[in-house]
Undergrad: 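Encoded as structure tokens, here's the structure I'll be asking about.
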Amino acid sequence: MLDMKLLRERTEFVRERLATRNAGDETKVTEVLALDESRRSALAEAETLKARRNSASKEIGGLIGQKRLEEAESKKAEVRALGDRIAELDKTAAQAESARDALLLMIPNLPHASVALGKDAADNPEIRVHGQKATFDFKALNHVELCEKLRLIDFARGAKLSGSGFLLYTGWGARLERALINFLLDLHLQEHGYTEVAPPYIIGEHCMVGVGQFPKFRDQAYAVQEGLDTSTMGKLYLLPTAEAPVANIHREEILAEKQLPVRYCAYSPCFRAEAGAAGLGTRGMIRVHQFDKVELIKVVHPDQGYEELEKMVQNAETVLQRLGLHYRVINLCTGDMGFASAKTYDIEVWAPGQGTYLEVSSCSNCEDYQSRRMNLRFKRESDGQNLFPHLLNGSGTALARLFVALVETHQQADGSIRIPEPLRPYLRAEVIPAPTAAA
RNA sequence: GGAGGGGUGGCAGAGUGGUCUAAUGCGGCGGUCUUGAAAACCGCUGUGGGCUGACGCUCACCGGGGGUUCGAAUCCCUCCCCCUCCGCCA
């Protein structure tokens, strides 16, 4: 969430930055400020009265100690009235505070000054391009055709098991998925300096609030329940991304400055309800309810936030370069950015069979927006101050779409799929063979 | 699922209604002594909020929330978490 002090002291600046998102959030500012004001005035009065009560209570203790009981009783009567007024003011302050905070949680992060202004995806500037669109001297297939022909994925039986939007990987398909996961993890651990973590896949609500998924996107998550006990419904959720648990690892902690930067890398499946999403009806792997992802998370000193963001994008790009895939990097404009982010790069890989670019990575610096929500701080060595670190997250990368780009790009005239060199040790094969007549 | 025990500062650990402004020990930081170090001694050592131009003043926090009381770490209610044993189980 945003810093209340910033809202108070630079109100117009906050309004202007929020307005660049084109989501109308700037209108909430006035109300937040009003609630904050009523909280503070009630608090100031309550605390003055509490100071008076504290000293009076001490006197009463003294009087009783000296057996001056009558004086003590009259003093008690005097203070009793104070208590009522204090309770009233405390209640006012608490109500204003929780209303203020509820509203604050609904206000997105301020876009960084370097982010292009714009309304939607059409306004996202392209930052750089790597490689070229693959061309074929035979009739190239799309990934659905390839997956069916090579029996990489059994779409029909996946749907039979769990409904549409769920995939059953089979044979080489399952092996390819697993090889990719291991390739990605090793790359980031061994070459990019990340530490591997393996988080729970079912996580508490506070994790979702911490990263800004909730309260706004509650309808997009799968809520779980313990057995038939409906009272447990909604206490835990299936993770929509490993960002949710991993970014929360150090929540409510005060890290030593020398612990920074923290760099985590985690594999997890990701579960998305995709309620109301247009594309889910599409056949194939582009938009599904469950997909695998290797996620990158960093906790860094605010001075290094943007430097580390650039490195993170490069870490994700390396994946696509090693796999010989054509991609472009775009910068999300103010109107297209995620809720918690101050600046986001998307990496889109070319999928020849689709004839489009597919988003396989989204790397964001959320600055102190999430660390403030989860009360994660670090102690600055020079003066002992507790500061909010920058929290970064990026996909390194999402698997299902990577799978699509890979098979569509590297398909061969004979129906096989050539495996890029760096992936071969993981798959223990140089090609996924074309189906034989017997199979 | 059943039974029991517990949650207090960075850590250990005392504290069952009133100088708790939380004892004591350990650790950490600074100082004295020393050629230097150790030991010893002395001092400091949590988080957040409010008010103030500032020095500062003040409030809250003993797992979370609520209650009783003039006054709660302490009494009551409730929730959460941890540990031990039993049962079931990959």
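Throughout, a chain's letter reflects where its sequence line sits, starting with A, and its residues are numbered from 1.
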Undergrad: So, is Asn386(A) close to the G48(B) phosphate, meaning a side-chain N or O under 4.0 Å from OP1 or OP2?
TA: yes
Undergrad: Taking the six-membered ring for Trp, are Phe214(A) and Tyr237(A) closer than 6.0 Å centroid to centroid?
TA: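 Ring centres of Tyr237(A) and Phe214(A) closer than 6.0 Å.
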Undergrad: Report the distance from atom CD of Glu37(A) to atom C1' of C51(B), rounded to the nearest whole Å.
TA: 12 Å
Undergrad: Looking at A40(B), which nucleotide sits across from it as a Watson-Crick or G-U wobble partner, both distances under 3.5 angstrom, or is there none?
TA: U32(B)
Undergrad: Provide, to the nearest angstrom, the distance between the CG atom belonging to Asn54(A) and the P atom belonging to U58(B).
TA: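 To the nearest whole Å, that distance equals 11 Å.
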Undergrad: Once you round it to whole Å, what is the distance between P of U69(B) and CG of Asp90(A)?
TA: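 Result: 16 Å.
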Undergrad: When the C1' atoms of G67(B) and A72(B) are considered, how many whole Å apart are they?
TA: 11 Å
Undergrad: Phosphate oxygens OP1/OP2 of C70(B): is one of them under 4.0 Å from a side-chain N or O of Arg80(A)?
TA: yes
Undergrad: Mind checking if Ile60(A) touches a base, just sugar-phosphate, or nothing, with heavy atoms under 4.0 Å?
TA: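 Base, at least one base atom sits under 4.0 Å.
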Undergrad: Let's test this: given Watson-Crick or G-U wobble pairing with both distances under 3.5 Å, identify the partner of G27(B).
TA: U45(B)
Undergrad: Contact class for Lys50(A) (heavy atom, under 4.0 Å): base, sugar-phosphate, or nothing?
TA: sugar-phosphate
Undergrad: Are Tyr169(A) and Leu176(A) packed together at the side-chain level, in the sense that at least one heavy-atom pair is separated by less than 4.5 angstrom?
TA: no
Undergrad: With a cut-off of less than 4.0 Å, is there a side-chain N or O of Arg377(A) near OP1 or OP2 of G48(B)?
TA: yes
Undergrad: Contact class for Arg8(A) (heavy atom, under 4.0 Å): base, sugar-phosphate, or nothing?
TA: sugar-phosphate
Undergrad: Can you tell me the distance, in whole Å, between the CD1 atom of Ile64(A) and the P atom of G71(B)?
TA: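 Taking atom P of G71(B) as the reference, CD1 of Ile64(A) is at 12 Å.
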Undergrad: Please tell me if Arg53(A) has a side-chain N or O lying less than 4.0 Å from either OP1 or OP2 of G71(B).
TA: yes
